[in-house]
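Working notes, structure below.
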Amino acid sequence: MLKTNQNCNIGFVGLGVMGKNLALNVADHGYRVAGFDLDAGKIKDVLDTEERERPDSQNEARIIGCSNLTELLDNLVKPRVIVVLVPAGKPVDAVCDSLIEAGLEPDDIVVDCGNSQWTDTIRRESEYKDRLKFFGTAVSGGEVGARFGPSLMPGGDADSWKYLQPMWEAVAAKVDADGKPIVSNIPGKPVTEGEPCTAYLGPNGAGHYVKMVHNGIEYADMQLICEAYHLLRSLLGYEPAEIGKLFEKWNQGVLNSYLVEITADILQQYDHKTGAPLVDMILDSAGQKGTGRWTSISATQMGVPAGIISESVYARALSTLTAEREHAAGILTADVESGDIEAADVEKAIEEALYCAKICAYAQGFQLLRAAEKEYDWTLNFTDIAKIWRGGCIIRASFLQKIADAFIENPGLDNLLVSDYFANAMAEKQVGLRKAVVLAAQSGIPTPSFFSALAYFDGYRSEVLPANLLQAQRDYFGAHTYARVDDDPSQKYHTFWQEEGRPERKA
Ligand SMILES: NC(=O)C1=CN([C@@H]2O[C@H](COP(=O)(O)OP(=O)(O)OC[C@H]3O[C@@H](n4cnc5c(N)ncnc54)[C@H](OP(=O)(O)O)[C@@H]3O)[C@@H](O)[C@H]2O)C=CC1
Ligand SMILES: O=C(CO)[C@H](O)[C@H](O)COP(=O)(O)O
């Protein structure tokens with residue numbers, strides 16, 4: 001397909017949505033790229049796009065296509081850096097094995113940029129230890145982010161990071177001194193100034209774990225926005241475009257974020273075929289590839305309360321039960337209360353609810369990261385994590401700067417909710433969350449993530465919970481023992497519930 005020994009700086013295996021766009025981004029920053037994909041059409045597509053987008057001043061192709069992995073390796077300077085952007089799971093192992101067979105050397109670095117499960121990254125780093133340097137870098141930003149500046153979450157061997165760092169910092173999204181994204185979506189004219197949205201996050205699976213939590217928060221953020229839309233539509237009878245306009249307004253304030261921005265845009269689109277609002281023509285059955293579910297499972301395994309994230313996974317699952325829901329709709333009714341509601345009050349309540357619930361969802365995400373660093377012996381820098389999510393990624397939002405500030409002020413912060421800024425925000429706006437939840441309950445509108453956010457907030461701020469009764473129940477049926485409030489918590493007691501007088505003994 002091409003001449004060999006072209007001294008490319010980086011190789012790409014997988015030139016689909018993400019691989020193609022990241023390769024073009026890397027090329028825009030002056031690196032020469034060699035690419036391979038099982039699908040020859042994808043190779044042609046990236047080469048055609050590169051030719052079309054190549055600046056007039058440059059005559060030479062910045063990306064070359066290779067017809068097999070041996071050719072790809074022959075064209076890379078050593079130690080070779082090869083980015084793998086194939087579907088997560090077995091294809092990543094298949095690519096590593098094929099690269100080894102094609103002549104990869106132990107000093108070469110294979111960077112998995114897909115949404116791999118962090119446990120796979122930990123396993124791969126050790127399994128391939130003597131044959132290649134396996135490094136993880138999770139990418140967020142979708143197609144456009146990959147092309148013009150994604151958020152990059154690297155994790156792996158620190159020496160490999162030193163080698164990759166200049167390239168990663170060049171291609172990552174950039175933010176200005178106030179934490180606002182600097183955007184230029186012009187091929188050949190990449191953003192070169194500003195703070196890059198990437199930072200070394202830790203060894204082995206740290207980067208992929210952080211990206212997984214990013215996606216868990218993404219699930220929650222999306223679900224909360226959908227619930228806000230559902231409430232506005234059902235309670236106030238607003239048309240999608242009106243809600244879109246309202247979201248546009250909200251996007252000017254504390255809710256400023258990429259997801260609110262795109263939702264405003266989506267809601268103002270009409271279907272070409274029918275003229276109906278486009279959103280009404282899209283089947284209400286949500287897809288998922290697994291990262292939200294992994295986040296929920298990981299939280300459950302480590303005993304971290306991340307109910308909003310879990311509810312958003314369940315909400316997607318419930319949405320797919322289309323036939324069952326249609327059947328149930330004919331049988332189950334809601335005994336609802338109706339009363340006079342002022343549209344302006346409802347709008348305000350829902351805006352506040354969205355903001356408060358979003359704060360709670362991020363608080364859960366960071367608590368999960370706190371637990372993971374203990375579990376996996378990582379040292380995660382929460383300020384860096386908040387900072388690299390300010391630009392490029394799907395959850396980018398103005399309030400990530402406030403989260404970064406909270407961790408700068410107190411790196412050991414137990415929970416975002418108790419930082420001055422967010423405690424004040426919750427004090428000021430929780431009334432809206434409470435109102436929205438009441439209205440939803442009274443009207444029979446499902447808002448599981450709003451409910452969960454309020455329950456989390458109220459649970460976290462409760463000095464006393466009914467877990468004392470729960471402990472007694474466990475002891476009653478299973479002699480599971482309990483601690484007493486007037487003794488050292490490590491000292492366990494058991495009540496002999498079946499005996500006369502219910503004697504209590506130290507366990
Ligand atoms: N799309 C997105 O918005 C985002 C995706 N990601 C993650 O990035 C990764 C890639 O996703 P995406 O680009 O969307 O996926 P695509 O399916 O668009 O692209 C993957 C490409 O890899 C090719 N491929 C599969 N196996 C091999 C192999 N053994 N050797 C060479 N090429 C191979 C596929 O070819 P073929 O089709 O012929 O199998 C396909 O062209 C995934 O882990 C995804 O979760 C991360 C962030 C955002
Ligand atoms: O990683 C991403 C963005 O950050 C991807 O877009 C991801 O695939 C979205 O997840 P899902 O398909 O499960 O909604």
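Both counts, for ligands and for their atoms, begin at 1 and track the order of listing. It should be emphasised that the depicted structure is a prediction, and the values quoted were computed from it without experimental measurement.
Ring geometry for Phe366 against Phe407 counts as tilted: the plane angle lies between 30° and 60°, on a 0 to 90° scale. Aromatic ring pairs are classed by plane angle as parallel below 30°, tilted from 30° to 60° and perpendicular above 60°; the pair Phe247 and Trp250 is tilted.
Tested against Glu50, the residues Lys20, Lys44, Arg32, Arg62 include a single salt bridge (charged side-chain N to carboxylate O under 4.0 Å, His left out) partner, Arg62.
A cation-pi arrangement is present between Arg316 and Tyr219, with the terminal nitrogen or guanidinium carbon under 6.0 Å from the aromatic centre and inside a 45° cone about the axis. Cation-pi geometry between Lys358 and Phe399 is met: the NZ or CZ atom falls under 6.0 Å from the ring centre, inside 45° of the normal.
At a heavy-atom cutoff of 4.0 Å, ligand 1 is surrounded by Val13, Gly14, Gly16, Val17, Met18, Phe36, Asp37, Leu38, Asp39, Lys42, Leu85, Val86, Pro87, Ala88, Val95, Gly114, Asn115, Val139, Gly142, Lys211.
Between Gln301 and Glu375, the side chains place no donor N or O within less than 3.5 Å of an acceptor N or O (distance only, hydrogens not considered). There is no side-chain donor-acceptor pair under 3.5 Å between Tyr209 and Thr119.
Rounded to the nearest 0.5 angstrom, Lys133 NZ and Asp159 CG are separated by 6.0 Å.
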Under a 3.5 Å threshold, I'd like every N/O contact between ligand 2 and protein atoms, with atom names and distance.
residue  : atom   : partner : partner atom : Å
ligand 2 : 1 (O)  : Asn115  : ND2          : 2.9
ligand 2 : 1 (O)  : Lys211  : NZ           : 2.7
ligand 2 : 1 (O)  : Asn215  : ND2          : 3.0
ligand 2 : 4 (O)  : Ser140  : OG           : 3.1
ligand 2 : 4 (O)  : Lys211  : NZ           : 3.4
ligand 2 : 4 (O)  : Asn215  : OD1          : 3.3
ligand 2 : 4 (O)  : Glu218  : OE1          : 2.8
ligand 2 : 13 (O) : Tyr219  : OH           : 2.5
ligand 2 : 13 (O) : Lys289  : N            : 2.7
ligand 2 : 14 (O) : Arg316  : NH1          : 2.8

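We find that Asp93 and Arg123 are joined by a salt bridge, their nearest charged nitrogen and carboxylate oxygen being less than 4.0 Å apart.
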